[in-house]
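In what follows, a structure is listed as structure tokens, so that the remarks can point back to it.
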Amino acid sequence: MYTAHPDRYADLPYRRTGRSGLKLPALSLGLWHNFGPDRPVETQRAILRRAFDLGITHFDLANNYGPPPGAAESALGEALKADFAPYRDELVISTKAGYLMWPGPYGEWGSRKYVLSSLDQSLGRLGLDHVDIFYSHRFDPETPLEETMGALHSAVQQGKALYVGVSNYSAEQTREAARILGELGTPLLIHQPRYSMLDRRPEDEGLLDALDELEVGSIVYSPLEQGLLTSRYLDGIPEGSRAASDSPFLNSDAVTGELVARLRALNEIAAGRGQSLAQLALAWVLRGGRVTSALVGASSPEQLEDSVRTLGNLGFDEAELARIDEVIKG
């Protein structure tokens, strides 16, 4: 029987989410990859246990995480029952609806029928009566935003979610979502965008500014750019890597000679700070406190421990930031 570490809250910093009462750990565990039937169950459970022992209280999912879709929620559901039942109220568990889950016209996007049906299915896989955060995973251009946000509001009213968020929405879509939810009486808690040193759209397109104005939290995914911002690609494409498999999320064409040269330059900056490239990348998105939390994946407990060591050095001076910008932007 798993017993959580008694000092699990001693070291990891927690950040308030927007203007809400909810605090999230600076690093959260994302179950996008590594939580499906192709991974040993004991490895998955070891990662979850180590995360909680380190103070990572937030486990982030979506209905389609796996592979196959739904597998990550099922895997966490088994772990919750086996290991975390006594600790449920210490955990923040989030899931999402928006991408394809079943055939036909009601199996994806943002209709009320899909969003609420998907949540019921997610709760069944998780073995829970509610999640802590429920997201609209993507904006639906063909469904009135009032309908999608109304479905999120209903999830809260029905007691199936405590808070709601959006993911992959533009700045203007986020402002409108926040307005609609505010009028309904269910505040927008959080936005989950893709953000990294290599992908700065939340800065460039005004999303971070909008979140500041709205006092909405943020939790960023892919801060390591699918592994590019790690030591794996400093000598090109290694055998067995995601790029070598031509994953839909990272293919070999993306790993150019120019990119490798930039990664090596960033690695030199990281070394000067006493960090790995991955730690530099995580510190960069968490710098200054604009981002509430960064999502990290892990294929082993040791990889998770390495990510947590980032939190000992989140400060940057202006010269370091300028050097990073020069490397990225040329």
Side-chain angles (χ1 to χ4, degrees), residues 11-15 24-30 32-34 50-51 54-56 58 60 192-204 207-208 218-238 241-243 249-250 254-330:
D11 298 318
L12 200 81
Y14 296 83
R15 297 178 171 187
L24 292 179
L27 290 179
S28 298
L29 182 63
W32 185 10
H33 302 297
N34 303 319
R50 188 62 183 134
L54 290 167
I56 295 175
H58 180 207
D60 179 76
Q192 187 173 134
R194 181 168 181 154
Y195 182 47
S196 75
M197 288 194 294
L198 296 178
D199 186 347
R200 303 190 179 194
R201 284 174 293 176
E203 285 182 14
D204 298 339
L207 178 61
L208 293 185
S218 59
I219 179 167
V220 301
Y221 72 91
S222 292
L224 303 182
E225 279 298 312
Q226 299 295 307
L228 281 178
L229 289 169
T230 70
S231 60
R232 297 201 76 184
Y233 296 93
L234 296 177
D235 295 311
I237 302 175
S241 67
R242 189 166 293 161
F249 304 109
L250 178 64
V255 188
T256 63
E258 180 184 1
L259 176 60
V260 170
R262 289 181 176 178
L263 296 178
R264 289 175 178 168
L266 291 172
N267 192 54
E268 290 180 7
I269 297 172
R273 290 168 50 86
Q275 292 181 317
S276 67
L277 177 55
Q279 290 169 339
L280 173 73
L282 292 173
W284 187 88
V285 298
L286 290 169
R287 75 197 188 284
R290 292 188 86 187
V291 167
T292 311
S293 184
L295 283 164
V296 294
S299 57
S300 69
E302 294 75 21
Q303 190 177 47
L304 193 61
E305 291 165 0
D306 185 70
S307 294
V308 170
R309 283 191 285 272
T310 302
L311 302 176
N313 185 10
L314 297 181
F316 289 83
D317 60 37
E318 291 301 321
E320 287 175 320
L321 292 173
R323 285 180 63 202
I324 291 169
D325 288 348
E326 184 179 359
V327 169
I328 298 296
K329 299 177 180 180

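The residues of the chain are indexed from 1 along the displayed sequence.
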side-chain contact (heavy atoms from CB on, under 4.5 Å) assessment of S299 paired with N34: CA-CA 6 Å; S299 57; N34 303 319; 4.2 Å; yes

L259/L198 under side-chain contact (heavy atoms from CB on, under 4.5 Å): CA gap, chis, key distance, verdict: CA-CA 10 Å; L259 176 60; L198 296 178; 4.3 Å; yes

Ion pair check, E268 and R264, cut-off under 4.0 Å: no

Presence of salt bridge, R309 and D306, under 4.0 angstrom: yes

Side chain proximity check, P223 to L282, heavy atoms < 4.5 angstrom: yes

Straight-line distance of D317 CG to R273 CZ, nearest 0.5 Å: 8.0 Å

Side chains of R262 and M197 in contact at under 4.5 Å (non-hydrogen atoms): no

Flag side-chain contact, heavy atom, 4.5 Å: L286 against L27: yes

Salt bridge flag under 4.0 Å for residues E203 and R287: yes

Listed partners of R15 passing salt bridge (Lys or Arg N to Asp or Glu O under 4.0 Å), at least two apart: none

CG-OH distance between L12 and Y14, expressed to the nearest 0.5 angstrom: 5.0 Å

Gap between atom CG of N267 and atom CD1 of I269 - 0.5 Å precision: 9.5 Å

Closest contact, heavy atoms only, A51 versus L29: CB-CD2, 4.1 Å

Parallel, tilted or perpendicular, as decided by the 30° and 60° cut-offs, for the rings of W284 and Y195: tilted

Sequence neighbours left out, cut at 3.5 Å: what donor-acceptor pairs do the side chains of residues 323-330 make with other protein atoms?
unit_1 : atom_1 : unit_2 : atom_2 : d
D325   : OD1    : R200   : NH1    : 2.7
D325   : OD1    : R200   : NH2    : 3.1

Reported CZ-to-CG distance for the pair R232 and D235, which is rounded to 0.5 angstrom: 12.5 Å

Under 3.5 Å: donor-acceptor pair, side chain of Q275, backbone of N313: yes

N/O donor-acceptor pair under 3.5 Å between S28 side chain and L295 backbone: no

Between Q303 and S307, a side-chain donor and acceptor under 3.5 Å: no

Any I56 side-chain heavy atom under 4.5 Å of L304 side chain: yes

Close side-chain approach of S196 and L224, heavy atoms under 4.5 Å: no

Main-chain N/O of P25 paired to S293 side chain as donor or acceptor, under 3.5 Å: yes

Which atom of Q192 lies closest to which atom of D60, heavy atoms considered: NE2-OD1, 3.3 Å

Sub-4.5 Å side-chain heavy-atom contact between L54 and E305: yes

